[in-house]
Amino acid sequence: MPRTAEPFRSPVTADDLDQAVRLAVALLREAPAAAWDARAGTLEWDCWETVEHLGDDLFAYAAQLGPRIPPMDGEVPFVLRSRRPGGPASVVHADRAAGPAGLLQVLEASGALLVAMVRTTPPHVRAHHVFGASDPEGFAAMGIVETLVHTHDVAQGLGLVWNPPAGLCSRVLARLFPDAPRDTDPWPALLWATGRAELPGHPRLTTWRWYGEPRR
């Protein structure tokens, strides 16, 4: 599908990422401790594993920007491990003994690392991502998408209602999903763009990707 011409867009910022993580953590604190073993939406992981995966995503994006010369040919080579067959392979794992409060502290800390890297990395810096070598703004947008959609997955499993701000959704759609529909509310459009929902006239996607390359 050819990508459409890009109109003026508002940039994605470290403040946007900070807001997304703060809102996600605040929502997830409402979940009862006994609910965390429930399956996370349509994923094959439970809610605990999905939040660990989210924390790992945020940590990995921060790490990718970290070296003095960020890698352009692959990811920083941390060892990934899964706690069980079929579970997410991650660097970041939360101590189960710390309970949900500890898990959410791990998520907050990982988010703060990426926020800090986005704030302090010069905008000309590029680093590898499988969906296109990206700049700090792009990694912030990726972190927001991961946060919004995985919080959606977890909220489904925990029985919580998650409606992130339209502005956040709109800015990351413009940055990463140039072909997403623009004639609908941005949150349903983001769920559609990440294969999690149908839209009128747009069947649910079975494969999807974003475009991380810098955009002007």
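From a predicted model like this one, the values you see are computed outputs, not experimental measurements.
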| note | Closest non-hydrogen contact found for Leu65 with Pro70 is O-CG, 4.2 Å

| task | Fit a plane to each ring of His150 and Trp45, take the angle between them on a 0 to 90° scale, and name the class: parallel (under 30°), tilted (30 to 60°) or perpendicular (over 60°). | result | tilted

| said: With a 3.5 Å distance limit and no angle check, can you tell me whether Ser82 reaches the backbone of Gly87 through a side-chain donor-acceptor pair? | reply: yes

| said: Before we go on, tell me: are the rings of Trp162 and His152 under 6.0 Å apart, centre to centre? | reply: no

| said: Is there a continuous path of hydrophobic side-chain contacts, each under 4.5 Å between heavy atoms, that joins Leu58 to Trp48? | reply: yes

| Is the shortest distance from a Lys or Arg side-chain nitrogen in Asp37 or Arg96 to a carboxylate oxygen in the other one below 4.0 Å? | yes

| Heavy-atom distance under 4.5 Å between the side chains of Val25 and Val21, does that happen here? | yes

| query | Can a salt bridge be assigned to the pair Glu108 and Arg22 using a cut-off of 4.0 Å between side-chain N and carboxylate O? | reply | no

| message | Quiz question: by atom type and distance under 3.5 Å, do the side chains of His53 and Asp56 form a donor-acceptor pair? | response | no

| field | Shortest non-hydrogen contact from Arg175 toward Glu213 | value | NH1-O, 2.9 Å

| query | Is it the case that Arg209 places NZ or CZ above or below the six-membered ring of Tyr211, under 6.0 angstrom from the centre and within 45 degrees of the axis? | reply | yes

| Any chance the rings of Trp210 and His129 have centres within less than 6.0 Å? | yes

